[in-house]
Chemist: 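One structure is given below, represented as structure tokens, and several questions about it will come after.
Starting from 1, each residue takes its place in the sequence as its number. Note that the structure is a prediction, hence the values are computed from the model and not measured.
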Amino acid sequence: MSKYSILWEYVQRDGRESVLLTFEEIQNIAGIPMDHSFLKYKKELLEYGYQVGKISMKEETVIFQRTN
């Protein structure tokens, strides 16, 4: 089980085409602070039908997009 599995499941359950979450929301959902390892783990999200679209360091947001 990945340390971000709870987050991936949350995004999948949301079901929208595009899901925007703040770094703080990600921390609250996953139960861990978002760190640089997120970039390594993000490829796991493909198994849930989504991909990481854009990470904004300035806005502290991440966009998750459904794959087709």
Chemist: side-chain contact (heavy atoms from CB on, under 4.5 Å) with Glu24: which residues, sequence neighbours excluded?
Modeler: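 side-chain contact (heavy atoms from CB on, under 4.5 Å) check on Glu24 returns Thr22, Asn28.
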Chemist: Can you tell me how far CE of Met34 sits from CD1 of Ile29, rounded to the nearest 0.5 angstrom?
Modeler: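 Rounded to the nearest 0.5 Å, the CD1-CE separation comes to 12.0 Å.
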Chemist: To the nearest 0.5 Å, how far apart are CD1 in Ile26 and CD in Glu60?
Modeler: 10.5 Å
Chemist: Please list, one pair per line, the donor and acceptor atoms closer than 3.5 Å that link side chains of residues 49-59 to other protein atoms, with sequence neighbours excluded.
Modeler:
{"from": "Tyr50", "atom 1": "OH", "to": "Arg16", "atom 2": "O", "distance (Å)": "2.6"}
{"from": "Ser56", "atom 1": "OG", "to": "Glu59", "atom 2": "N", "distance (Å)": "3.0"}

Chemist: Report the C-alpha distance between Leu45 and Phe64 in whole Å, list the side-chain angles of each, state the deciding distance to 0.1 Å, and finish with yes or no for side chain to side chain contact (heavy atoms under 4.5 Å, CB included).
Modeler: CA-CA 9 Å; Leu45 185 55; Phe64 302 92; 3.3 Å; yes
Chemist: Has Tyr10 got more than 12 heavy atoms of other residues, nucleotides or ligands less than 6.0 Å from its OH?
Modeler: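 No, because the 6.0 Å sphere around OH of Tyr10 holds 12 heavy atoms or fewer from other groups.
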Chemist: If I take atom OH from residue Tyr41 and atom OG from residue Ser5, how far apart are they, to the nearest 0.5 angstrom?
Modeler: 9.5 Å
Chemist: List the atom of Arg66, the atom of Gly15, and the distance in Å for their closest heavy-atom pair.
Modeler: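 Taking Arg66 first and Gly15 second, the nearest heavy atoms are NH2-O, 2.5 Å.
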Chemist: Testing the 3.5 Å rule here: is there a donor-acceptor pair between the side chains of Glu44 and Ser2?
Modeler: yes
Chemist: Please, which pairs that meet salt bridge (charged side-chain N to carboxylate O under 4.0 Å, His left out) have at least one residue in residues 26-38, sequence neighbours excluded?
Modeler: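 The answer is Lys3-Asp35.
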Chemist: Do you reckon Ile32 sits in the same ILVMFWY cluster as Tyr48, going by side-chain contacts under 4.5 Å, direct or chained?
Modeler: yes
Chemist: Identify, with sequence neighbours excluded, every residue that meets ring pair (Phe, Tyr, Trp, His ring centres under 6.0 Å) alongside Phe38.
Modeler: Tyr4, Trp8
Chemist: Other than Ile63, what residues sit in its cluster of Ile, Leu, Val, Met, Phe, Trp and Tyr side chains whose heavy atoms are under 4.5 Å apart, directly or through others?
Modeler: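 Answer for Ile63: Leu20.
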Chemist: Do Asn68 and Glu17 come within less than 4.5 Å of each other through their side chains, counting heavy atoms only?
Modeler: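 Yes. Closest side-chain heavy atoms under 4.5 Å.
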